[in-house]
Amino acid sequence: MKLDPRHLEMLFAIVDRGGLTEGAELLGKSQPSLSRSLAMLEERVGAPLFEPGRRPLQPTELGLALAEEGRKVFLAVRRSGAVLEQFQRGKSGAVRVAGTPVFLDGVISPMIAEFQMGYPDVRIDQSYGYPGDLMPKLKEGTLDLAILPMRQASIPEGFSFDQILPGRNVIACRAGHPLVRRGAVKLPEIAQYSWIAPPADSPLYHDLRAVLEGIGVKDFKVSFSGGSLSAVVSILTGSDALTVLPFSVVFMMRRQKSISALPVRIGDPDRHLGILRYETQPMRPSVKRFAGYIRSEFKTLSASITRVGQDAVWRP
């Protein structure tokens, strides 16, 4: 025999609160409607659920057993309501985000850690890639957001790109590098040192070549190439090699006092960091909350960079 879960919940409320009126208040219903539901349930089971003529109401053995099942229904309804509310407010769910390794590891990952301190029920699925790899995934719906440095003119139709930080690169080195101790740096002095090259298919590798050509370095020695940001930083801090990194990455690592930037102004890339998504793919509440959080964090980061000033990293 199948019983209506709502009737079981109603029975629990009456037993738990000790009366029809009190049970109705618990469920937010009227006393007459609860009385009718009780009568329907007793007719359905074919036995009384409360001792006849007893006041206050005294549940029968069957009434107590069914009320216990009703308690489970009552709690399940309340829990499911809380689950739904958490999801609708973006406090639970999942976010699938990807981007270039340098920005994700150097800038975004610390922000993700802070986000999850505030929203521990939101799962972040992070992966790496470049625009050519990630745009098909955004379009097919297997990826929610991509955080990438891109040119506004190169954004394909159907995609939206929300810029969160202007493009800016620096020549990075270890904190105690001879060129840093020297103060003023002449361009010919830079040519004496070897370079750490980002992966050949990365935008940062093309920035490195453009920077070197811009300062007149045509022949340069590469001592290390590829690898993760942590590998690049390990090589950088353990040698006198140089590399090109986004200013934001160097800025985020300033408290470690392990890497610095040469006081040499180099041309900024024509790409800017932003959040890329496919416009027709619906944004779940958790994705909206995460994207809003990232925008807010980058607004704060940008303000911090401006407040510290460029002279904290290089001199004109």
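Note that these values count all heavy atoms, side chains included, but never hydrogens, waters or copies made by symmetry.
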Can you see which heavy atom on Cys173 is nearest to which on Leu262, and at what distance?
SG-CD2, 3.7 Å
Between [X] (side chain) and [Y] (backbone), is there a donor-acceptor pair under 3.5 Å?
| X | Y | result |
| --- | --- | --- |
| Tyr293 | Met111 | yes |
| Asp16 | Ala13 | no |
| Glu42 | Leu49 | yes |
| Ser286 | Ala94 | yes |
| Arg44 | Leu3 | no |

Answer yes or no on whether Arg254 is positioned over the face of Phe251, meaning its NZ or CZ is under 6.0 Å from the six-membered ring centre and within 45° of the axis.
yes
Give the intermediate values and the outcome of side chain to side chain contact (heavy atoms under 4.5 Å, CB included) for residues Glu297 and Phe115.
CA-CA 10 Å; Glu297 287 297 296; Phe115 177 83; over 6 Å; no
Between [X] and [Y] (salt bridge meaning N to carboxylate O under 4.0 Å), is one present in this structure?
| X | Y | result |
| --- | --- | --- |
| Arg6 | Glu9 | no |
| Asp125 | Arg96 | no |
| Arg277 | Asp144 | no |

Within a strict 4.5 Å, meaning less than it, do heavy atoms of the [X] and [Y] side chains meet?
| X | Y | value |
| --- | --- | --- |
| Leu165 | Ser302 | yes |
| Leu11 | His7 | no |
| Lys91 | Asp121 | no |

Mind telling me whether Phe74 and Phe12 have parallel, tilted or perpendicular rings, with 30° and 60° as the class edges?
tilted
Between Leu245 and Leu204, does a side chain to side chain contact (heavy atoms under 4.5 Å, CB included) hold up when you go through it step by step?
CA-CA 7 Å; Leu245 286 175; Leu204 202 57; 4.3 Å; yes
Ile108 and Met252: CA distance, side-chain angles, deciding distance, side chain to side chain contact (heavy atoms under 4.5 Å, CB included) verdict
CA-CA 10 Å; Ile108 308 297; Met252 290 288 284; over 6 Å; no
Would you please test Ile147 and Phe103 for side chain to side chain contact (heavy atoms under 4.5 Å, CB included) and show each step?
CA-CA 8 Å; Ile147 303 177; Phe103 277 112; 5.7 Å; no
Is it the case that more than 12 heavy atoms not belonging to Glu140 sit under 6.0 Å from its CD atom?
yes
Quick one: CG on Leu273 to CD1 on Ile164, what's the gap to the nearest 0.5 Å?
4.0 Å
